[in-house]
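Each ligand, and each atom within it, is numbered from 1 in the order the structure gives. Note that these values count all heavy atoms, side chains included, but never hydrogens, waters or copies made by symmetry.
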Amino acid sequence: MNIAFCSSEVVPFIKTGGLADVAGALPLKLKTHGADVRVFLPLYSLIDYRKHKIKKSPGIADFYIKVNGKNHAAGLFETVFPDTDVKAYFIDCPDYFQRETIYSNESDEAERFICFCKGVLEAMQRLKFSPDIIHCNDWQTGLIPLYIKENYAWDSIFKSTKTLFTIHNIGYQGNFPPETVKAGDINPDHFGPMGPIEWYEQVSFLKTGLMFADSISTVSQTYAKEILTEEFGGGMHEILEKRQDVLYGILNGIDYNVWNPEFDDHLWEKYSFDKIEGKAENKKQLMKISGIEFSETVPLIGLISRMVSQKGFDLIIEQIDKMLELDAKYIFLSAGDGKYEKFLRGISFEYPDKFKLYTGSNEELAHRIEAASDIYLMPSMYEPCGLNQIYSLKYGTIPVVRKTGGLADTVIDCDEKKKNCNGTGFVFEKFDGKEMVKALKRAIKVFKDQTRWRKIQKNAMSMDFSWDISAQKYIELYNKIKS
Ligand code: ADP
C-alpha cells in the first residue's frame with residue numbers, strides 16, 4: 001500500500017508540538033507494517049539542510065506552483081529518516097517558506113499552505129508516486145482532499161487515491177478571508193453560505209479537510225467523542241456529526257527509542273524500574289542547576305508545554321499561591337504566550353528555591369525534566385491526545401491530569417484508599433483550579449509513602465503505548481477507506 005503522509009512539521013527536521021512527534025514516528029512504523037510510506041513537508045529555511053543531508057531529488061526538474069494567480073519557483077528536495085530507508089520529501093518554495101518562523105500571522109499565511117497542498121500533489125506527479133492513501137494532518141493540509149477530488153482529478157495517477165484527514169487539535173482551524181477562494185483556485189460555488197469550505201464568511205482549511213476527506217480521524221477515542229459536542233467541537237461539532245460514520249479515534253503512540261529512560265542519552269543517569277535509584281540522580285542534578293535544594297522526601301513537580309490557555313495555565317496562575325504552600329518544588333519548561341510567561345517569571349524570581357521557569361524550546365531539558373520530576377502536571381482544558389503524560393508514565397513520573405481527551409484514555413486514577421491500587425496517576429474531572437490543587441495534594445500525600453509510590457511507578461512504567469499498536473490500527477483504517 002502506498003501512503004503519502006503530509007504534515008507541516010516532522011521530527012527530526014522541524015517541530016513546534018506533538019504533531020511533529022507523530023509525523024516523525026508513525027510513518028516509520030507504517031513502513032515496518034509493509035506500507036510504502038513517503039513523508040511530505042515544506043522546506044522551511046529554518047531546517048538544517050546540512051545536518052539532515054537534504055539534497056535535491058535526483059531527476060526532478062524545478063517547477064512552479066501557482067498561488068494567487070502567480071507562478072512561484074519551486075523544487076523538490078529529499079532525505080531519509082535517520083537509520084531508516086523512509087523518505088522525507090521537502091517542498092521548496094522560497095517565496096513562502098523562507099521565513100523566521102514556521103507559522104505566522106502574516107497576511108499570506110493561507111497562500112503558504114495553499115502552496116504546500118499543491119506542492120505535495122505536484123511532487124507526487126513528478127515522482128510518479130501514486131498513493132492509495134494521502135494521510136493529511138491538521139488544517140495546513142486541509143485543501144489536499146479537495147484538490148484531489150477536483151483540481152487534480154484529471155491525473156490518472158490519483159485515480160484510486162483516497163484521503164484521511166487527522167485532527168490533532170480542532171482549536172486550530174486555518175480560517176482566512178474570502179480572497180483565499182481565488183488565491184487557492186477553489187471552485188467559488190463551494191463558498192456560498194454553508195458551502196463546504198465556508199465558515200462564518202471565511203474560508204476554513206480545517207472545514208475543507210473535514211468535508212472533502214474520505215475519512216476523518218483524531219488522536220484519541222475520548223477526543224473523537226468530545227469533538228462531537230458543542231463544548232469541545234470548536235464550532236465544528238455539527239459538521240462532524242454529519243460525518244460521524246467515517247470518524248475514528250486512534251490514540252497516538254510514543255517512540256520508545258526516543259522516550260525511554262533506559263536509553264535516553266540526554267539524562268545524567270539512565271534508569272529503569274529495577275534501577276530506579278538513577279531517577280533520583282537526575283532529580284539531584286536538575287535541581288542543582290536550577291538552584292533549588294534537593295530533598296528525597298519533597299516531590300519535584302515538572303511541566304513541559306506550549307504556554308497556551310488550552311494547557312491549563314489559567315488554573316496554575318489562579319492557584320499559584322496554594323501550589324506554593326504545598327510541600328513540593330516546581331520546574332517548568334514552556335514557550336508561548338507572553339502574559340503567562342511574565343507572571344511565572346515573576347514567581348520564579350520571587351521564590352527561587354521553590355519554583356523555576358525555563359523558557360524557550362529545549363529538547364534536552366524536556367527529557368531531563370521528565371526524568372528528574374516525581375510528579376508531572378498536565379491540567380489541560382482539552383487535550384486531543386497529549387504526549388507528555390505518556391512519556392511521564394514511562395519515566396516513572398506520576399502524572400496529575402485533568403480527565404479529558406487523551407489524558408482520560410491514558411492515565412488511570414489511583415484510589416489512594418486502596419493499599420494495592422492499580423492506578424498510574426491522579427485524575428481530576430472539572431476544569432477547576434481547586435480540583436487541580438486537590439489532585440496535587442493527593443499525589444503528594446501518596447508520595448510520602450514510598451512503598452505505595454513505587455507500586456504506582458511500577459504500574460505506570462509497565463504501560464505500553466508504543467506505535468506498533470496504533471500503526472496497526474491505521475493500517476486497518478487505510479484498508480477500510482480503500483475498500
Ligand atoms: P501539543 O502538540 O498540544 O503541544 P503534545 O503533548 O501532544 O502537545 O506534544 C507536545 C510535544 O512538544 C512534546 O513532545 C513536548 O515534550 C514538546 N514540548 C512542548 N514544549 C516544549 C519546550 N518548551 N521545549 C521542548 N519541548 C517541548
Side-chain angles (χ1 to χ4, degrees), residues 7-26 102-103 137-140 166-173 218-220 222-223 226-227 232 234 250-261 264 266-267 286 302-313 316 331-338 340-341 344-345 348 356-373 376-395 397 399-402 404-411 425 465 467 470:
S7 172
S8 57
E9 46 184 280
V10 181
V11 162
F13 312 113
I14 191 101
K15 165 170 169 174
T16 67
L19 168 61
D21 289 307
V22 175
L26 173 58
I102 308 184
Y103 308 120
N137 294 279
D138 276 351
W139 73 260
Q140 293 84 358
T166 298
I167 305 162
H168 294 262
N169 190 332
I170 208 158
Y172 298 86
Q173 304 187 337
T218 188
V219 289
S220 68
T222 295
Y223 194 59
E226 285 175 344
I227 55 179
F232 292 100
I250 301 179
L251 193 71
N252 284 336
I254 74 164
D255 188 344
Y256 286 124
N257 290 320
V258 180
W259 291 98
N260 187 337
D264 191 337
H266 295 303
L267 308 192
L286 180 67
L303 179 148
I304 304 150
S305 161
R306 289 182 300 119
M307 214 180 257
V308 290
S309 64
Q310 179 211 333
K311 300 292 180 181
F313 280 94
I316 293 172
I331 297 184
F332 289 8
L333 166 63
S334 198
D337 196 320
Y340 300 124
E341 181 175 328
L344 292 175
R345 249 185 212 290
S348 195
K356 173 78 186 174
L357 173 70
Y358 289 99
T359 54
S361 179
N362 187 332
E363 190 71 19
E364 175 158 83
L365 188 56
H367 284 250
R368 288 177 162 182
I369 293 176
E370 280 292 358
S373 305
Y376 188 84
L377 178 61
M378 202 154 169
S380 305
M381 185 187 290
Y382 69 93
E383 195 58 75
C385 175
L387 294 174
N388 281 103
Q389 84 281 11
I390 311 182
Y391 303 152
S392 298
L393 293 170
K394 190 71 190 167
Y395 283 70
T397 304
V400 171
V401 303
R402 172 153 183 259
T404 182
L407 298 175
D409 292 355
T410 52
V411 181
F465 291 103
W467 268 113
S470 306

Query raised in the report: When Y391 is tested against each of W259, Y376, F465 for ring-ring contact (aromatic ring centres under 6.0 Å, His included), which residue passes?
Result: W259
Query raised in the report: Are E383 and R402 within salt-bridge range, i.e. N to O under 4.0 Å?
Result: no
**Report entry** Short side-chain donor-acceptor distance under 3.5 Å, E370 and S392
**Finding:** yes
Query raised in the report: Hey, what do you get for CD1 (I227) to OG (S220), rounding to the nearest 0.5 Å?
Result: 8.5 Å
**Report entry** Pairs flagged by salt bridge (charged side-chain N to carboxylate O under 4.0 Å, His left out) wherever residues 13-24 is involved - sequence neighbours left out
**Finding:** K15-D21, K15-E363
List, for ligand 1, each N/O atom that has a protein N/O partner under 3.5 Å away, with both atom names and the distance.
from, atom 1, to, atom 2, distance (Å)
ligand 1, 2 (O), G18, N, 2.6
ligand 1, 3 (O), R306, NH2, 2.9
ligand 1, 3 (O), K311, NZ, 2.8
ligand 1, 4 (O), R306, NE, 2.7
ligand 1, 6 (O), L387, N, 2.9
ligand 1, 8 (O), K311, NZ, 3.0
ligand 1, 9 (O), G18, N, 3.2
ligand 1, 14 (O), K15, NZ, 3.0
ligand 1, 14 (O), D21, OD2, 2.8
ligand 1, 14 (O), Y391, OH, 3.4
ligand 1, 16 (O), N388, OD1, 3.4
ligand 1, 16 (O), N388, ND2, 3.3
ligand 1, 23 (N), G360, O, 2.8
ligand 1, 24 (N), N362, N, 3.0

Query raised in the report: When you measure from the centre of the six-membered ring of Y256, is the NZ or CZ of K394 under 6.0 Å away and within 45° of the axis?
Result: yes
